[in-house]
Number of protein chains: 2
Amino acid sequence: MAYGCGVTETSSPARSAPVDESHLRPAGRATRAAIEEAARRLFAERGFDASVRAIATEAGVDPALVIRHFGSKEALFLRCVDTAGGIGAVLDGPLESVGRRLVAYFLDPARPLLRQRYLALAQAAHLDQVREEMVRHTAETYVAALAPRLTGEHRELRVALAVAQLGGLLNLVFRQEDPIVTGAATEDLVALYGDALQRMLTP
Amino acid sequence: MAYGCGVTETSSPARSAPVDESHLRPAGRATRAAIEEAARRLFAERGFDASVRAIATEAGVDPALVIRHFGSKEALFLRCVDTAGGIGAVLDGPLESVGRRLVAYFLDPARPLLRQRYLALAQAAHLDQVREEMVRHTAETYVAALAPRLTGEHRELRVALAVAQLGGLLNLVFRQEDPIVTGAATEDLVALYGDALQRMLTP
DNA sequence: AGCGCTGAGTCAACGGCGTTGACCACGTGA
DNA sequence: TCACGTGGTCAACGCCGTTGACTCAGCGCT
């Protein structure tokens, strides 16, 4: 599980799944947006632990209204997690170095949001809809982009397994903060782990 | 994160961390054991979602007593998760095939408890003490067993990264149940992913 | 102008959670 | 016999996500 995706820093309705808002009046649309913005901020800060009540307070609104607008906390969370991101460019680059570039992309300290996003998603992964979203994301982003460019057997499976590898790294680095790994030089991680990804894709 | 460990199927005080019970009377010891047994069963069944109240009911006891005996739900969970298991034998076997044997060990359908254990731990991984236990387990079980037998640079780091790989696989198979991976033949997974582990350890 | 409908929003409450403190019962040692 | 510590229950706290009843404002319609 690896994500060039997640809780966005700002409201970005263009990227979000299209939801019918035509029945809403301007006032409703505005507070709805305020709730979503507060949710994005708090989910990014505290992960799925951010409570509906805290989000409502942040948006200056009653907790019940959050549920009325979005149906459930889980649904709101899913709306605040979008699957776009710069990862597409990495996947579309030269195939022979995609392994190292993927690892470098996620470990780049200039992209601290990726860490937040990964943590929020990993924490909520026990919810069915979140799990399905992750599977979908793996298929539509990674498998769709890479499998057609591979050669040999088990092309889709090898992409999925490379995604598994990537997710394992992020888990150890971001969630567990294993001192052996976090204490290592990024360049060593990129080389060792990137090559492992690469061999899975282009053996 | 990979675990030959977890929620045990039976009470196994010999394996559990030694806790001073000398101040307890026989009655206290018995109900304490009953609570622990109920907790092991329910944690294995439902993961960390198993509630203190349900555990108490299962043990025929008041919820408050559970906390009084074990301090907190998190502490009880940690007691019910032990780090022993058959994994030691796998790690001590021939080094040149340890990658495939590790993957085969965890994916063996004859060991369904490993799945439960992984899921319970992964779900509780956002708790600090659980996270620390995982890090400790990686260091004491995997790194301690494998790093001294390796050659070349970054011996400890390479073991940690192999553990990361393994955890990534278990996440995709057990948590996300990604259809691409669950639909693949186990022998293909063992070959592809086991070799990836192997190359990390003995390149 | 008046009416009714519908969206916007609040409020109190529900059932569940982990945890705490007050309280009682019992068995043992002095 | 009496104090004391262990074993255990009970009610309650504060939190959670969610629901249903309710009010209020704005709109179209006659």
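Letters go in sequence order (proteins before strands), and every chain restarts at 1.
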A:His69 and A:Ile35 have their tightest heavy-atom pair at CD2-CD1, 4.0 Å

Gap between atoms [atom1] and [atom2], on [X] and [N] respectively (whole Å):
{"X": "A:Ile67", "N": "D:dT18", "atom1": "CD1", "atom2": "C1'", "result": "6 Å"}
{"X": "B:Arg29", "N": "D:dG5", "atom1": "CZ", "atom2": "P", "result": "19 Å"}
{"X": "B:Leu42", "N": "C:dC17", "atom1": "CG", "atom2": "P", "result": "12 Å"}
{"X": "B:Leu127", "N": "C:dG18", "atom1": "CG", "atom2": "C1'", "result": "12 Å"}
{"X": "B:Lys73", "N": "D:dC16", "atom1": "NZ", "atom2": "P", "result": "16 Å"}
{"X": "B:Phe70", "N": "D:dG7", "atom1": "CZ", "atom2": "C1'", "result": "14 Å"}
{"X": "A:Ile55", "N": "D:dT18", "atom1": "CD1", "atom2": "C1'", "result": "14 Å"}
{"X": "B:Phe43", "N": "C:dG18", "atom1": "CZ", "atom2": "C1'", "result": "12 Å"}

Indicate the ring-plane relationship of A:Tyr118 and A:Phe174, choosing parallel, tilted or perpendicular according to the 30° and 60° boundaries.
tilted

Can you check nucleotides 9-13 of chain D for protein contacts, nitrogen or oxygen pairs under 3.5 Å, and list what you find?
residue: D:dT9; atom: OP2; partner: B:Asp62; partner atom: N; Å: 3.1

Cationic tip of A:Arg117 within the cone over A:Phe43's six-membered ring, i.e. under 6.0 Å and within 45° of the normal?
no

Assess A:Arg32 against A:Phe70: is NZ or CZ under 6.0 Å from the centre of the six-membered ring, and within 45 degrees of the ring's axis?
yes

More than 12 heavy atoms of other residues, nucleotides or ligands under 6.0 Å from CD of A:Gln198: yes or no?
yes

Should we count CD of A:Glu156 as having more than 12 external heavy atoms under 6.0 Å?
no

C:dG9, OP1 or OP2 - any side-chain N/O from A:Thr31 closer than 4.0 Å?
yes

Can you figure out which of D:dG17, C:dG9, D:dT18 approaches the side chain of A:His69 most closely?
C:dG9

